[in-house]
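Here is the structure we will look at.
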Amino acid sequence: MVTDRVADLTMDELKKLITTLIQAERQVWPGQLQGKEADEALAWTLRHIIELEPGQPSTLEMLREDRDR
């Protein structure tokens, strides 16, 4: 699936995107995020993804509600 918005990604697509970004970071900044450190950063990020319950508003939806008040 190709989408223009992160909010439209499935959880699997989001995890794949995060993994790709961290792996790309290793190449762009050699020596800054390498080996075990990069693996730990990826693992931490994937463990801390917040999954909303069905029907629970996203952060974006709550911001829009506040803006519209």
Side-chain angles (χ1 to χ4, degrees):
M1 174 181 183
V2 176
T3 181
D4 290 335
R5 295 174 355 126
V6 172
D8 293 333
L9 297 175
T10 66
M11 187 57 66
D12 287 337
E13 290 169 334
L14 177 59
K15 288 178 180 180
K16 183 177 179 182
L17 174 63
I18 291 168
T19 301
T20 301
L21 291 173
I22 289 178
Q23 289 172 348
E25 187 72 16
R26 290 182 190 180
Q27 295 172 1
V28 173
W29 300 102
Q32 297 293 320
L33 193 59
Q34 293 293 321
K36 185 178 178 185
E37 185 180 61
D39 294 338
E40 289 172 357
L42 174 60
W44 184 92
T45 303
L46 294 177
R47 278 194 318 271
H48 290 87
I49 291 177
I50 297 172
E51 295 187 39
L52 299 176
E53 297 293 325
Q56 186 178 6
S58 69
T59 305
L60 178 60
E61 291 168 330
M62 290 188 285
L63 287 170
R64 285 180 176 157
E65 287 175 13
D66 283 347
R67 178 195 64 196
D68 294 341
R69 287 183 195 173

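Positions are given from 1 along the sequence. Note that the structure is predicted; figures quoted are calculated from it, not measured.
Atom CG of Leu46 is separated from atom CE of Met11 by 10.0 Å, given to the nearest 0.5 angstrom. Note that CD of Glu13 and CG of Asp8 are 9.5 Å apart. Values are rounded to the nearest 0.5 Å.
Sorted by first then second residue, the ring-ring contact (aromatic ring centres under 6.0 Å, His included) pairs that include residues 45-69, not counting sequence neighbours, are Trp44-His48.
A search for salt bridge (Lys or Arg N to Asp or Glu O under 4.0 Å) contacts involving Asp12 returns nothing, not counting sequence neighbours.
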For residues 53-65, please give each side-chain donor-acceptor pair under 3.5 Å, one per line with the distance, not counting sequence neighbours.
{"residue": "Gln56", "atom": "OE1", "partner": "Glu53", "partner atom": "N", "Å": "2.9"}
{"residue": "Ser58", "atom": "OG", "partner": "Leu60", "partner atom": "N", "Å": "3.4"}
{"residue": "Ser58", "atom": "OG", "partner": "Glu61", "partner atom": "N", "Å": "3.1"}
{"residue": "Glu61", "atom": "OE1", "partner": "Ser58", "partner atom": "N", "Å": "2.7"}

